[in-house]
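Have a look at the structure below, then the notes.
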Amino acid sequence: MSNLNRLGAIKSIASRQIPAPQMAAPAEIGIYAEDVFNEQTMRAALPQNICEKLLETIRDLTPLDPAIANDVAQAMKCWALDRGATHYTHWFLPLNGSTAEKHDAFLEIRNGEAIQSFSGKNLIMGEPDASSFPSGGLRSTFEARGYTAWDPTSPDFIKRHSNGATLCIPTVFCSYTGEALDKKTPLLRSIQTLTAATKRLMKCFGKPEEHVCITLGAEQEYFLIDKHFYLQRPDLLQTSRTIFGAPPPKHQQLEDHYFGSIRARVLNFMTEVERDLWRLGIPARTRHNEVAPAQFELAPMFEDVNLACDHNMLVMEVLRQTAERNGMICLLHEKPFAGVNGSGKHNNWSISYGDRNLLNPGDDPLQNAIFLTVLCAIIEAVDRHADLLRATVAGAGNDHRLGANEAPPSVISMYLGAQLTEVIERLEHGKLRASKAIGSLRLGVDTLPPLPRDTTDRNRTSPFAFTGNKFEFRAPGSSQSCSGPNVILNTIVAEAFDRIAGELEPIAGAPDFHDRLQKLLRKIIREHKRVLYSGDCYTEEWLAEAARRGLPNNRDTMAALQALIADENIALMEKHKVYNRRELESRYEVSMEEYHRKVRIEGGIALEIATSMILPVAQTEYGRLVRSCAEAQAAGIRGGLASTVTAAEELGATIDRLHADCQALREALGRCHEEILAAAAQLRDTVDGLERQLSDECWPLPKYREMLFIY
Ligand code: ADP
Ligand code: MG
């Protein structure tokens with residue numbers, strides 16, 4: 001029966017009608033942010049004095065004046081009701097990596113009469129029964145309550161479904177003792193520490209105080225497959241990854257998918273995604289085919305990092321929901337298909353001060369000096385704390401991706417581009433290395449040559465690359481929250497800024513300030529240049545070279561997570577008040593547990609598929625072969641007999657091996673994760689071999705060539 005399903009799926013996809021292109025495109029841009037309670041909405045909905053107070057709170061990250069909470073809540077409620085909302089929810093980011101919501105109706109019964117109500121208290125604080133969220137031991141079950149508190153820096157928004165709408169209020173989620181139980185709290189803390197450190201550093205250059213904004217543009221990669229196939233793959237259903245599947249002869253070798261013309265069905269999907277995102281004020285801008293077949297990318301314009309992290313969570317949700325509406329499934333897993341590219345989330349990060357991007361080299365000597373100082377600080381930060389950055393991208397999914405098929409390796413190195421590398425060398429060696437392009441380079445006197453922002457110049461193999469006016473961290477996995485990497489990035493850069501500011505403060509304004517700054521930067525480069533690498537990071541030679549340079553290479557989740565509980569890292573995080581020891585230990589616990597659970601679940605599913613779907617099919621085929629042999633013999637037919645006997649022998653041997661592999665996996669499931677992984681890999685080898693060996697007609701699982709090419 002199952003073969004009917006698989007081939008039936010192809011049939012039904014083949015008969016799908018794609019609507020013809022529309023003649024007049026609807027004017028969609030007008031819907032931008034229409035479901036967001038943003039500054040514009042606030043100004044329209046609130047009395048001016050209250051609005052100013054609220055905006056001040058948002059700008060300066062100060063606590064909300066309780067006196068205005070009721071008025072704000074009232075305005076929000078009216079706005080939400082106008083937009084069709086019936087419920088509100090605190091929307092938060094628990095440690096399980098997804099988003100959480102618990103809806104309450106705008107309903108109160110007063111004197112037997114139903115009224116629509118929503119108070120300042122409802123807005124500011126909530127107490128979800130949170131005992132089932134992971135806390136890594138931070139919250140013992142007898143005091144299982146956590147509380148959610150409004151984050152006014154990320155505006156409320158409305159989530160629509162076919163039968164109504166819900167007002168979503170972004171919140172932090174903490175324990176009663178004030179410890180963070182979510183991914184937003186540490187991010188807000190890290191923004192505070194980097195904001196303070198940036199102001200301190202800029203003061204050394206005589207800059208007046210300005211608003212600091214840490215910016216993030218998160219490019220999201222994903223796969224789309226038809227739902228008919230998905231429903232026939234228990235591994236995809238339960239783990240979002242194909243645990244079995246032989247890569248087809250042609251997949252991405254010809255690179256004919258990347259930036260290719262987008263199929264109508266996918267384009268329809270993308271347009272629908274964008275419409276929903278625009279409504280939510282999420283500036284989705286770029287869409288294209290990725291390298292692997294059926295792989296795509298969505299890139300928004302950059303925003304404040306807190307907002308961008310929230311928005312990326314919504315992007316993932318909208319992608320998933322829109323795919324379902326269109327009869328497809330959006331796979332956000334880091335490596336849904338073995339042997340073809342995995343999916344990442346490129347983390348484009350920078351800092352702006354007032355209206356200047358600090359990673360923009362600028363065209364005057366002072367701006368150049370600031371740029372080079374910030375650049376050197378980041379080099380120092382990444383070299384010193386590569387282990388922490390690596391830990392933020394750890395996870396069972398990313399273990400399959402990092403270091404495989406066009407994904408950065410688990411060694412964290414930095415790429416600056418040819419021109420900037422030369423500038424850095426020039427800074428390091430002084431006059432000795434003057435070149436034509438970059439002559440004498442005296443900070444505060446000379447100007448940098450213009451740096452090209454040529455995309456062809458980029459090294460796509462580097463995990464941490466300077467791309468003209470921002471750094472792009474490419475190791476984060478496609479399903480991971482952006483929060484983790486940015487918490488660490490903000491904190492380690494704050495640490496470097498603080499250290500450098502400590503050295504510059506005593507000489508700020510001195511006549512030889514720039515000469516001394518130059519010496520300081522030279523020292524930083526000498527100490528940390530080992531982290532800079534311009535070559536191909538996908539090669540074995542680089543891994544060997546990185547080992548010689550003493551760069552850490554934490555190959556898998558288990559190794560990478562140790563950085564979270566190293567004493568010096570705990571001290572660093574405590575110093576910046578981003579995490580305390582208990583919080584880091586709890587996060588370590590949660591990540592470890594999640595990793596072990598995932599490995600065990602995948603092992604269990606592999607075993608189940610092999611025994612309940614693959615083995616029966618193989619045995620049926622075997623029986624057929626054996627019967628043919630017997631019948632041929634009985635009929636005295638010699639032609640074809642020998643080859644059928646061989647086929648039966650071969651299949652029989654594979655079935656024996658399959659039996660043995662299943663038994664080994666069954667036993668490994670009672671032991672540690674390494675044994676499970678090894679046994680599952682062995683089993684996969686056998687099953688994938690069978691897929692190539694058995695008649696196509698009888699194979700029960702949709703094949704790679706179908707999932708990746710038929711949609
Ligand atoms: P590409 O890298 O494909 O050439 P872009 O340079 O336009 O594309 O940007 C890629 C991503 O980087 C986008 O999400 C963009 O918004 C983001 N980005 C651009 N400038 C900054 C910045 N100053 N800070 C953070 N992200 C940025
Ligand atoms: Mg990119």
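Counting starts at 1 for both ligands and their atoms, following the listed order.
Inclusion of Pro300 in the set of residues having an N or O under 3.5 Å from an N or O of ligand 1 is warranted. Looking at Trp349 next to ligand 1, no N or O pair under 3.5 Å apart turns up. In terms of polar-atom proximity, Phe302 is counted as a contact of ligand 1, with an N or O under 3.5 Å from an N or O of the ligand. The shortest N/O to N/O separation between Asn357 and ligand 1 falls below 3.5 Å.
Partners of Ala284 by side-chain contact (heavy atoms from CB on, under 4.5 Å), not counting sequence neighbours, listed by chain and number: Glu274, Leu277, Trp278, Leu298. Taking the side chain to side chain donor-acceptor pair (under 3.5 Å) definition, one finds that Glu303 meets it with His311, sequence neighbours left out.
Using a cut-off of 4.0 Å between Lys/Arg side-chain N and Asp/Glu carboxylate O, Glu495 and Arg384 are scored as not salt-bridged. The residues Glu324 and Arg320 are annotated as not salt-bridged, no charged nitrogen and carboxylate oxygen being separated by less than 4.0 angstrom.
Near Met301, the atoms of ligand 1 lying under 4.0 angstrom from a non-hydrogen atom of the residue are 16 (O). Near Thr215, the atoms of ligand 1 lying under 4.0 angstrom from a non-hydrogen atom of the residue are 22 (C), 23 (N), 24 (N), 25 (C).
Relative orientation of the Phe92 and Phe173 rings is tilted, given thresholds of 30° and 60° on the angle between their planes.
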